[in-house]
2 protein chains.
Amino acid sequence: MSVEDRFSAALHNTARMWRLALDRRLRDLGVSQAGWVSIAYIAKTQGPLSQGELANLVQVEAATMVSTIDRLEKAGLVLRVASESDRRVKHVVLTPAGEVLYGKVRARADEMRRDILGHIEPEKLAMTADILENIQALIETP
Amino acid sequence: MSVEDRFSAALHNTARMWRLALDRRLRDLGVSQAGWVSIAYIAKTQGPLSQGELANLVQVEAATMVSTIDRLEKAGLVLRVASESDRRVKHVVLTPAGEVLYGKVRARADEMRRDILGHIEPEKLAMTADILENIQALIETP
DNA sequence: ATCTAATACTTAGAAGTCTAACCATTTACG
DNA sequence: CGTAAATGGTTAGACTTCTAAGTATTAGAT
């Protein structure tokens, strides 16, 4: 197995295992991953956030974000608010219940991050992040 | 943003971008990612491979693998073969068409790997893979 | 002012993923 | 040997994701 093979397998497998591990920690909150990722971005964004902007932040298609927001709205965690300056646009805001949930999500994600990454030197993490970000730039350059 | 935050975001985003980039390169082959990943593992495995074993290799649930194999079988790329030693078990084998497809998939994946990772020193890749594999081990240890 | 192009959100449908539950078969144990 | 537990594959349903196509609105050009 070449180093490239090994690297791409490690990337894929680690990302997947991370996601599944976090899913398990958040399962009892009753919100899916797509849900809490979206909630987190809404909470962290200052000012109005449109559905399309949220989809970009979460890196999914606009169509995907529609049903995610539908479910969150139905669960009473977010609201759609019509924009006053552009009638095509709807903003997404957290409800108080959504704020509470975000607090829990953040605490658990932080905890898991500490549990796992706390065993690795910060310089190594920084260097790995550098390389991964470099790869992102390479992927984005056709 | 802490280095841990930065790292976990980089992991998630890089893995996702890699996957989407590879998807784009393989799109015209008419087989999905789940399909060609499964085909690759079948091709690379010596001897009989059961559905459950394949699911483990691909890291999905057995139930997920059922429909993936259904679709590949329907496309004439794999066959289910009953096991002679255990009546519960079905083995999955590639058809000749499946073998041909695997050759194409491998060539393109290799090409993409070279295109992207060819710009990065192998020592850096090896070191990153080490760290990622270390993280996998940490995730697996509850 | 009018028309075309672009944008924002929505719907539909196929594929992919998981959990839970099920049936048939095999294994383990008393 | 008989029974309980474990295993392998399957089905059902909710969620997730994408592409394609559609409607309403806005931006830009003439």
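Every chain is numbered from 1 and lettered A, B, ... according to where its sequence line falls, protein lines coming before strand lines.
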Calculate the interatomic distance between B/R16 atom CZ and C/dT17 atom P; express it in whole Å. 14 Å

If only side-chain N and O atoms of B/R80 are considered, is one of them under 4.0 Å from the OP1 or OP2 phosphate oxygen of D/dT10? yes

Without decimals, in angstroms, what is the distance between A/D70 CG and D/dA14 P? 15 Å

Does anything in residues 83-95 of chain A reach DNA chain D, meaning a heavy atom under 4.0 Å, and if so which residues? A/D86, A/R87, A/R88

For A/A34, answer base if it contacts any base atom (sugar-phosphate contacts may also be present), sugar-phosphate if it contacts only those atoms, and nothing otherwise; contact means non-hydrogen atoms under 4.0 Å. sugar-phosphate

For atom CD1 of B/I69 and atom P of D/dG8, their distance in whole Å: 14 Å

Is a side-chain donor or acceptor of B/T95 paired with a backbone partner of B/L77 at a separation under 3.5 angstrom? yes

Taking atom P of C/dA8 as reference, at what distance in whole Å does atom CD of A/E53 sit? 8 Å

Can you tell me the distance, in whole Å, between the CD atom of A/E61 and the P atom of C/dA12? 19 Å

With rounding to the nearest 0.5 Å, note down the distance linking CD1 in B/I39 to CG in B/L94. 6.5 Å

Rounded interatomic separation in angstrom, taking CE from B/M65 and C1' from C/dT19: 17 Å

For A/A62 and for A/R27, find the nucleotide of DNA chain C with the closest heavy atom, then tell me which residue's nucleotide is more 5'. A/A62

Roughly how many Å is it from CG in A/L29 to C1' in D/dC15, rounded to a whole number? 17 Å

Looking at B/R19, I'd like to know whether one of its side-chain N or O atoms comes within less than 4.0 Å of OP1 or OP2 on D/dC18. no

For the student: nearest non-hydrogen atoms of B/K124 and B/I120, plus distance: CB-CG2, 4.0 Å

When you measure from the side-chain N and O atoms of B/S50 to the phosphate of D/dG8, is any distance below 4.0 Å, counting only OP1 and OP2? no

Under 4.0 Å, counting only non-hydrogen atoms across every strand here, what does B/Q51 touch: a base, just sugar-phosphate, or nothing? sugar-phosphate

Here the pair of heavy atoms bringing A/K44 nearest to A/Y102 is CG-OH, 3.4 Å

Rounded to whole Å, CG of B/L26 lies from P of D/dC18 at a distance of 17 Å

